[in-house]
Amino acid sequence: MVIDGHSMAYRAFFALPAENFQTKTGQHTNAVYGFLSMLLAMIREQQPTHIAVAFDTEVPTFRAEQYAEYKAGRDKTPDEFHGQIDLTKQVMAALNIPCIEVDGFEADDIVATMATQAAAQGWTARVVSGDRDTFQLIDDNVTVLYPMRGVSELPPFDAAAIEERYGVSPKQYPELAALVGETADNLPGVPGVGPGFAARWLKKYGSLQGILENIDEIGGKKGEALREHLDDVKRNRQLNALVTNMELPIELDDTEMVNPDRNLVSELFDALEFNTIRDRVFTTFEKELGNADDGADQDHDMPDTKVIDSSEAFAAFLAAVNEPIAVFSHINPPATVTRRKIPAPGDYGQIRAFSFATAQATAVIDLDSASRELGTAVADFLANDQYAKVVYDLKAMLKALATPPESAPLPARPDVNTSIVNVTDDVLLSGYILQPDRRGYELADLVQTYLNTRLETVSATSNQGQLNIEGLDDDANAKLLAQYARNAWMIHRLNESMDGQLAQRDAESLLHDLEIPLSVVLAKVELTGIGIDRQRLDSLLEGFTNEVDKAEQSAFASIGGQEVNLASPKQLQVVLFETLDMPKTRKTKTGYSTDADSLADLLEKTDHPFLHNLMSYRDATKLRQTVQGLLDSIADDGRIHTRFSQTAAATGRLSSLNPNLQNIPVRTPAGRQIRDIFVAGSNPHVDERTTLLTADYSQIEMRIMAHMSGDEGLIQAYQDGEDLHRFVGSQVFEVEPEDVTTSMRDKVKAMSYGLAYGLSSFGLSRQLRISVDEARELMSSYFDRFGDVQRYLRNVVRQARKDGYTQTMLGRRRYLPDLQSDNRQLREMAERAALNAPIQGSAADLIKVAMLGVQARLEKEALNSRMILQVHDELILEVVDSEIEAAEAILIEEMSSAATLKVPLDVQVGKGYSWHEAAH
DNA sequence: CGGACGACGTA
DNA sequence: CGTACGTCGTCCGA
């Protein structure tokens, strides 16, 4: 298959709307995307063994030399097309598809030469081109795929198809074209002669030569015109003849289809912001090349796998081991959770199989067929401090091991402190520390990045049916177990690679002393869950649902009974900006914004009741959704067990999911009602009432900024325990602290918080609804008083630009390549991220240290109270009533001593039956 | 069914 | 033109 790259990319450009394909840097990509998806379709349909793409070059062709007006008068190439040919070539390079271009020739000549060469070798050739001149190449061996509807349909043209369509043979088609002319190439033909007449003449006289020999016979106006434009016709015929015997810089054999360079493809697609097509690329090539086991070659050093089916065999395997063992556990349901398919509340998955790897040996255990003895032996091995272990996702293993089903051979090991010990590495967490801003940390992703090897993801068929060890002659089962073994081997190899990199950047302590121990604490927190008052939650749902209905009815009434979907911004835009003809708001990708700020603006300007009703509807639906989400995630034990992701936030923070308990409303009274349903539950270890204890850091990020900047004024204020915002206000506005008004305090408060996000004077002015000048004035007097803060913030960015990364107090790095970007928007975004990352990240480090400290103290003092939630700067404990004072002391001590800063770490504690009551 | 998008909750 | 997240509904395409 040989493709005319330029003509197809250009077709694709017009087939897809350029405005829908634009990267954040402003580069259009519609032609690249369209070309690529056409290419994939062609590969799938035609299954070529060899493939190449031909391109035109800038150098004028021999045709232009023969005829100066060749292709003159064409419309200017649209600006949006700019750069897309080059990007298309880059994509081809990543796909390992050769691009061919030769100065002085057109892509079509290359296509023609290659097709001719291929046919001469006895191959069949497929020519993909939007240029009808290629029709002349068609014969028994050569077919042209010519785009019809955009580039979505490329019907094959063979001799019969040309005959049917034009009434001439492919060989005669260029003669017909010469008579008719080609506007696109600025080759005028005979006026008044279209393909019909041309075909009739050709049929009658056999060929163009025949026509010329009998030219005087041809009567009528058209005959006259022909005689007048004979030179044009001859010239056209000369120019539309494709060159079939060029010297090419490549042999046909060098165009054999091979695997894409996956890393290059990923890198390039990241830049092009191609996401959905990525998998299509890989699956298309895999299918075409039939090489699903491609990566297997690179495992030649993988030791043979022993299938372990008895505790004796396991003991024998362990006896030969004298180094850290990589342990992989296959957990059902798989950790990959999609939006519409989340695991049932309280289901932490079951371990179905274990596999192990060292440099010398690999082994696999199918738990579905394992004996109770073997299951126990494995559990004992995990709990045995003598064996160092390397794992992937310790937290998931701990949780699954804590709650195996009755029937499983594995004994339940509910104590996460002892169930898996001596874990020296968790490659999931190592991956996060090395690259905290990656999208995914699936084992296969890490293997791809760090080992440049493909890893099959275990087939979903393992979800059902038994993995039966006796059935090892069963192909599918054997393959599955082999995959598990390979996973363990990959964990082993990943660890070798990552260990070195962690050492190089001095981040071992972050892994071993912080993240790995924290994952044990988090496992415990998740297993514990938080108590819920279900009755009150039910009645909240009812109340909010009523509010939604009421607001919806009022909203419809206020626009004359028209029933639109209030949850659809698209439909709202029609109502607001067309039906009601309101002033336009901020632009979004798909139109004009209908967000809360915009609605408030519109309300001010128009005072239309619909706006008010819509806002009520939005408030109520949001609350109802939150309540419904909570109800849906209550587990059988009546509690909600959120999951903490330890690898989600690029700054080092945790995140909470299924459900997210880190964004439960708190600002409005209605929202706070939801906090009231999180309550102190029963403790399984004591028959005693419990209370919720909350403890949060006060102004943690400001304190970190004071510490890191070394600003004496700020430090002094914190040491004196002053009301920080009042103090700053008095400095900025040059008044006595007692004379600082609420408005002054609010302004400096907004500014102080904003600083850590890279707030601009423009942003500040908008937020405070003051003029930009006033905001600028405010910032400059702020920095006059607190100059070290300004110097610090500037220096953070400067250092980050120099090093390529920022660093937290514990050495957690965040890489920010965009600091070097030519694109101002990207660069400035990276600068703000650089400003914020050390501050937010250090705060994250601190509370993680505090969590370890608190958990350790609770255990050391043998308390029954339990940690149940972390919300970035807040820890929540469910405390047995007799332990309230002890727990309170632990919280305060451990949180305030998490680090020694130049300022005190103030911790506020509150208690109550519910989360709401425990707020202070 | 999955992704993009707008919207909005938290720190 | 303020950082970091997760979830929901809609809309649209595979």
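Bear in mind that the values here come from a model prediction, so they are computed numbers and not experimental data.
- Checking B:dA7, B:dT10, C:dG2 against the side-chain heavy atoms of A:D595 singles out B:dA7 as nearest.
- A heavy-atom distance below 4.0 Å to DNA chain C is reached by these residues of residues 569-578 of chain A, ordered by number: A:K570, A:Q571.
- Put simply, A:R653 has no side-chain N or O that comes within less than 4.0 Å of OP1 or OP2 on C:dA4.
- Relative to the side chain of A:S568, the nucleotides B:dA11, C:dT10, B:dG6 differ in distance, and C:dT10 lies closest.
- When the side-chain nitrogen and oxygen atoms of A:S760 are compared with OP1 and OP2 of C:dG2, one or more of them lie within a distance under 4.0 Å.
- For DNA chain C, the residues of residues 761-772 of chain A within the heavy-atom distance limit of 4.0 Å (strictly under) are A:F762, A:G763, A:Q767, sorted by number.
- For A:R280, there are no salt bridge (Lys or Arg N to Asp or Glu O under 4.0 Å) partners, not counting sequence neighbours.
- OP1 or OP2 of C:dC5 has not a single side-chain nitrogen or oxygen of A:S645 nearer than 4.0 Å.
- Here the P atom of nucleotide C:dA4 and the CG atom of A:N660 are 17 Å apart, to the nearest Å.
- Across the protein-nucleic acid pair, A:F544 atom CZ and C:dC8 atom P stand 16 Å apart, rounded to whole Å.
- Contacts with DNA chain C (heavy atom under 4.0 Å) in residues 747-756 of chain A: none are found.
- Annotation: salt bridge (Lys or Arg N to Asp or Glu O under 4.0 Å) contacts of A:R653 (sequence neighbours excluded): A:E701.
- Taking only side-chain atoms of A:R618, from C-beta outward, the nucleotide of C:dA4, C:dT7, B:dC8 with the closest atom is B:dC8.
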Could you give the side-chain donor-acceptor pairs of residues 753-763 of chain A under 3.5 Å, partners two or more places apart or in another chain?
unit_1 : atom_1 : unit_2 : atom_2 : d
A:S760 : OG     : A:F762 : N      : 3.4
A:S760 : OG     : A:G763 : N      : 3.0

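- Picking from C:dT10, B:dC8, B:dA11 the nucleotide with the shortest atom distance to the side chain of A:N565 gives C:dT10.
- Not one side-chain nitrogen or oxygen of A:R667 sits closer than 4.0 Å to the OP1 or OP2 atom of B:dG9.
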